[in-house]
Each structure stands twice: as C-alpha cells, then as structure tokens.
Amino acid sequence: MLLGTVLLLLLAGAAPASAHAALRSTDPDDGSLVRQAPRHVTLTFTESVGLLDDSFRVFGPDQRRVHTGEATHADGRSDTARIGLPGKLAEGTYTVAWRVVSADSHPVSGAFSFSVGKRSATTTQVDTGPTEDPLTRGLYDAARYLAYLAAALLVGTAAFALLCRPAHTSPLRRPLVAAWWTLLGSTAALLLLRAPYEAGTGPATAFDTTALGRTLTSRPGLALLARLLVLLLTAVFLTWLSRRRDTGRRPVALAAGTALAAALALTWAAAEHASAGIQVPVAMTSSVVHLLATGVWLGGLVALLLTLRRSSGDDLVEVVPRFSRIAFASVTVLAVTGLYQSWRGLGSLSALTGTSYGRLLLAKLAGVAVLLLVAGYSRRWTARIAVPAVPARAAVPAPVPQPVGAPAEGREAAVESGTGDPGTTSVEPGTGDPGTTSGEPESPDGPAEPGAGSGDPGIRRRLRRSVLVEVAVAAVVLMITTVLTGTLPSRAQAEAAQQAPVGSLPPTTEITVPFDTGTGSVTGSGKVQVTLDPARVGDNGVQAVVYGSDTGLVVVPEVRITFTLPSREVGPIDAELADRGGYWSTNAVNLPLPGTWTMKTTVRVSDVDQVSVERRVRVEP
C-alpha cells in the first residue's frame, strides 16, 4: 500500500493540473470590441459549475479592479456564471479572471479580455488572483489517492472474509483496521483542504470557518460528510461481525456489507465524473458497480496474499478457488462498466491518441492487460491447490488379513469389521498385488503428480509470488486510474472546441526553434518553424512545421507548445496542437495578457527521445 501511494504521488506530480468543466463561450466574446459597455459578463461551460466568493475579478484599462456584483448563475442555468458590471465603464480593454468549481468537484480557472469603444495598451501588472497553490494541490491529491487505496483495501478485505470464508480471519483484522483509519483520516483531510483547493490558496486557510462552512454545504462537501457517516456505520458493522460466532446470519452480514460498500462507492460517484455530463443516472450506477468490483478484486488480492502466508494448506483448498471465481466475476464487471465509462469520457476513437485523457486510458488498458496475464498465471497454481495431494499410503484402504481359503462372505465381513485371523497369511498395506513394486496409488487420470495440493510449500510459494506481482501491478493500475479522474475528458474538450473560433489571420510572428535529441538521425535534429497568429491578446492561431537535419519536412509523433507569462505567473497554457498530416496547428490559444511570453516547444521523435526548447515571444494588446 505504501509503495502504491509513493508511485501515485510521483505520477501525480508529473501530471498536468486540469479540471472537467471546459469553457464553452463568453459574453462579451473573448478579444471582442464592443461599442457600448455591457451590463454583465457571462461565461457558459460544458457542465454545471459551482461559484466561489471570488469567482470573478475584473480589471479596467488602468489595471485597477472594477467593483462588481455577486457572482450568480445566468437564467437559473447551472452551467453558467454571471457577474454584474457598473453602469458606466470607461473606454479601453478589460481583463476578466475567473475561477469556478466543476460539477465533478475540480476547480477550473482562466482569463479573457474585451474592449469597450477602443483597445488600450496594458503596461502594468494585473493581479488576476491567487494561482493554484502547489502545496495545497499536493496534499489534496495525496489524501485523495490514499482514500482510493484505503477504500479498495477495506471493501476487498471485508468481501474476502465474507465470501471466501477462510477458517482464520485474524490475519485480515490488521489490514481492515488500517484501511478504516486511513480512509477516515484521508476523508477528514479532504474536507479541510477542500476550500483552499477550490480557491487556490495555501493550506493555512483550511481552518477558515467561513470557507469551511461553504464547503459543508457544497456537493463535494456533502459527499465527504456522507462518507464519514458510512465509515462510522462500517465500524459498527465490523465490530458486530468480529463478535459473531454463528454462521446462520451470514446472509444478513452479506446484505449489510453490500449496502455499506455501495453507499461508500456512491460518495465518489456523486461528486466526480459520473455526476456530470450525459446519462448521469446510468453513469453513476456504472461508477458504483465499477468501484465495488475494483475493491473486491484488488483489495481481495491483498487479503489473499495474507491468507497464503498465514493459513493452513487444508483451508486453502476451499478459499483459493472461491476467490478465483469471485475475481473472474469482478473482472467481467470491470470490463463491461469500464467500456461504458470509456465511451462516455472519450466521445470518439480518435481521442484515444489525440488527447491526454485518451492516452491515459490506453496506459490503463495496457496495465489491466498485464494484470490479467499475471492473474492467468496465478490461476494455474490455484487449480493445483484446489486438488489436494493424495497421501501415499492412506489413499487406498489396506487389505485386511484373511484366512487362506475363506469364503467370500467371510472375507467381506472381515473387511467390514477390520479383523482377521492373526495366524493367517496377509497382504502388507501398501504392497497390493505381489507383482507391484510401489505403494503409490494411481488416480483415474494417471499417477498422482508429486507435490500437488495445498500442502506443497513449492506451489504455495509460487502462488504467493504471482499474487504479489498482481498486487504491485494493481497499484500501478489504480495509480493511472486516479490520475485519469483528474484529467479533462475528451468529450468535454471536444464540446468546448466546437465553440472556439475557427479560421486564421495573416501571420504576424514567426519563431524558429532549433532542436537536437542527440540520436544522430535525420529526424533527431532540425528545426521547428512556429507561426503565432496574430500574436495579440485573445485567441491566437499556432502552426508548427518540423524540418529535419537535411532541411526536408519530417513527420514526428508529437509536437507540444505551451505559453507562460512569468512576470504575472500565468500559465503554462497548453496550445493543444493537432496533427494535420504534415504540420501541427490549432486556432484557439487564448493569451489573455500582453507581455513577453515564454514559448516552450517540445518535439518527440520516438517513444523515448524528445527535447524541449524555450523561446520568448511578444504578445501585443
């Protein structure tokens, strides 16, 4: 569990921060010039959003903050955010910085500009509000990942104890208690860190009573409170289960445990991906079932590993095959629900390779494939344990000594009673027919394989090793899954892109970016010709053409460009270039402020070789 947590944190640190609500449109339009001052600023998103006390910051041509009204939803629509403006606005360019919380609990922020009457230059620094605090984000992600791991271990261990029915459950008590306390602590941490995570402030603001009160009335906060309540009921259930001696109440225990596990999974489904977008009822049901199947399988693997280390061989003959059947059913459920959730998040097959969400999903599928291969190897040893070894002498009853020439009835009676004349000739146990030389009995399928069965330490050792590999791979799969839940779904990204301006203006800025990956090939070095169009505040078009070392056009797997304005702590803003078959481009990169931006160009020429080069570019008002 600790190894899985460390891996999760390492990958999380490398993952870009993203949310699941994408900006669909603004009113006034971004970069527009209006004749009359608008009375409101309205933003429309791809899903419902929550508003903060400081969701909008509007700055005038003099870079002073404009007094605005309270942020509300426009026309009662939950996917909009609106702020009222003063009655009279001076001519010039206005900058709007915004921050809201998407329906799946992730904050999203950005900035855009519009001009009234005429455009004006922006020469001083604009305080667009707090940027995302890295410490708060790191602590929040750590608590979130721990909660996933603890929930899987708690559900899987309890399910293993109830469904597989090991003779000794004492090895499972420690992971149950550890999982319960870890989930309780991580949930409490998420509740405290929720307000600073949404606002982008430091962890010290976690104890602000006003912000905490707002968290407790929000949907993510209510989901976390419900999780705490379910955990308290789970503690009562586990205590009752540990004191129960009779087996007649097993159906009651199974029903109660299933209800509690479903309620626990619902606290995630009600505040994440499934709660927003299309087909919400079906998606939430699928999410709950998917989480339960994940816990039963992956958490059960840990319970099985502990059982293999502590239980007797005779107990494993029944326990291991039971878990094997349960794991197979869980994998089937995961395949069905995962296919549906992938379709819902992707929207199209091209998004599998063209978006971050799709590439993470491919990585998860690859991890699951490896996990299934290891699980198939484990099933081989599971089948061997399910067939106990046949003892060499006790498998076939020894013939009872009989008097020479005794009638058949007498011999049968003597066999039944186990008696015989001690003075008569007898057949020694294990020798059988005088012509035989071995006391090993033969099974109907041939001679019994030496060492077969749960008592063989070699088989148990091999099974433990394969299950340990399963647990390690499962930790990586869960790591990718948790990162996937923090990435903008491809469907939402496509919906937002449909509203983005299309077309291009005459190029105004060209930047030549040389690169060298050190591979020595034609595509390993060269230059990227980048066109920024029109290099002004607002939406810009970007085109990137890659030339090899022989000055000819080359095709590379990926070109990525990001923009950062260090002086005002804005960015990085990903241009999200698309492969146009010979060049890379986009028509919707929003650069909200003028100044000297840092353009970072990353060229990947193979699966392992890439290089990043930075250049400065001037963005005019």
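- Residues S115 and V34 have side chains not in contact (no heavy-atom distance under 4.5 Å, counting atoms from C-beta outward).
- Open room surrounds CD on E70; 12 or fewer heavy atoms of other groups in view lie less than 6.0 Å from it.
- Considering CD1 of I573 and OG1 of T564, their distance stands at 7.5 Å, rounded to 0.5 Å.
- Taking the six-membered ring for Trp and thresholds of 30 and 60 degrees, F563 and W597 have ring planes more than 60 degrees apart, a perpendicular arrangement.
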- request: Begin from the C-alpha positions of V542 and V530 and carry the test side chain to side chain contact (heavy atoms under 4.5 Å, CB included) through to its verdict.
  value: CA-CA 7 Å; V542 178; V530 180; 4.1 Å; yes
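- Residues that satisfy the side chain to side chain donor-acceptor pair (under 3.5 Å) test with T586, not counting sequence neighbours, are absent from this structure.
- Rounding to the nearest 0.5 Å gives a distance of 9.0 Å between CD of E558 and CG of L577.
- Residues L23 and L43 are in side-chain contact: their nearest non-hydrogen atoms beyond the backbone lie under 4.5 Å apart.
- Each ring pair (Phe, Tyr, Trp, His ring centres under 6.0 Å) pair with one or both residues in residues 76-95, not counting sequence neighbours, appears once here: Y94-F114.
- The shortest non-hydrogen separation linking V528 to A544 is CG1-CB, 3.9 Å.
- By the 4.5 Å heavy-atom criterion applied to side chains, R137 and D141 are counted as neighbours.
- At least one donor-acceptor pair closer than 3.5 Å links the side chain of T80 to the backbone N or O of A74.
- The environment of CZ in R64 is sparse: at most 12 heavy-atom neighbours from other residues, nucleotides or ligands sit within 6.0 Å.
- Nearest heavy-atom pair across Y140 and R194 is OH-NH1, 2.6 Å.
- Here OG of S286 is found 9.0 Å from CG of L291. Values are rounded to the nearest 0.5 Å.
- Looking at L85 and T68, their side chains come closer than 4.5 Å, going by heavy atoms from C-beta outward.
- Side-chain N/O atoms of T42 and R82 include a donor and acceptor closer than 3.5 Å.
- Of all the heavy atoms in A206 and L192, the pair that sits closest is CB-O, 3.3 Å.
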Q: Show the numbers, then the answer: is there a side chain to side chain contact (heavy atoms under 4.5 Å, CB included) between M599 and V619?
A: CA-CA 11 Å; M599 184 183 73; V619 175; over 6 Å; no
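- S48 places no side-chain N or O within 3.5 Å of a backbone atom of D79 that could act as its donor or acceptor partner.
- Counting heavy atoms from C-beta on, the side chains of V101 and L52 come closer than 4.5 Å.
- What you find for T44 and R77 is that their closest heavy atoms are CG2-NH2, 4.0 Å.
- Annotation: side chain of P38 is in contact with side chain of V116 (closest heavy-atom distance under 4.5 Å).
- Checked against F112 for a side chain to side chain contact (heavy atoms under 4.5 Å, CB included), the options D29, N590, T95 give a single hit: N590.
- Counting all heavy atoms, side chain and backbone alike, A111 lies closest to W98 at N-NE1, 3.6 Å.
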- Where do H40 and I83 land on the side chain to side chain contact (heavy atoms under 4.5 Å, CB included) test, with the steps shown first? CA-CA 6 Å; H40 302 90; I83 194 76; over 6 Å; no
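- Here S109 contributes atom OG and R99 contributes atom CZ; the two are 5.0 Å apart, rounded to the nearest 0.5 Å.
- Atom CD1 of I561 sits about 9.5 Å away from atom CG of D574, to the nearest 0.5 Å.
- The backbone N or O of A283 sits nowhere less than 3.5 Å from a side-chain atom of S287 that would complete a donor-acceptor pair.
- The two residues P514 and V613 come nearest to each other via the heavy atoms O-CG2, 3.4 Å.
- Rounding to the nearest 0.5 angstrom, the gap separating the CG atom in L89 from the CZ atom in R39 is 9.5 Å.
- Side chain of D579 to main chain of W584: no donor-acceptor pair is present (N/O by atom type, distance under 3.5 Å, no hydrogens or angles).
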- Task: May I have the step-by-step check of side chain to side chain contact (heavy atoms under 4.5 Å, CB included) for V96 and S113, ending in yes or no?
- Result: CA-CA 6 Å; V96 181; S113 62; over 6 Å; no
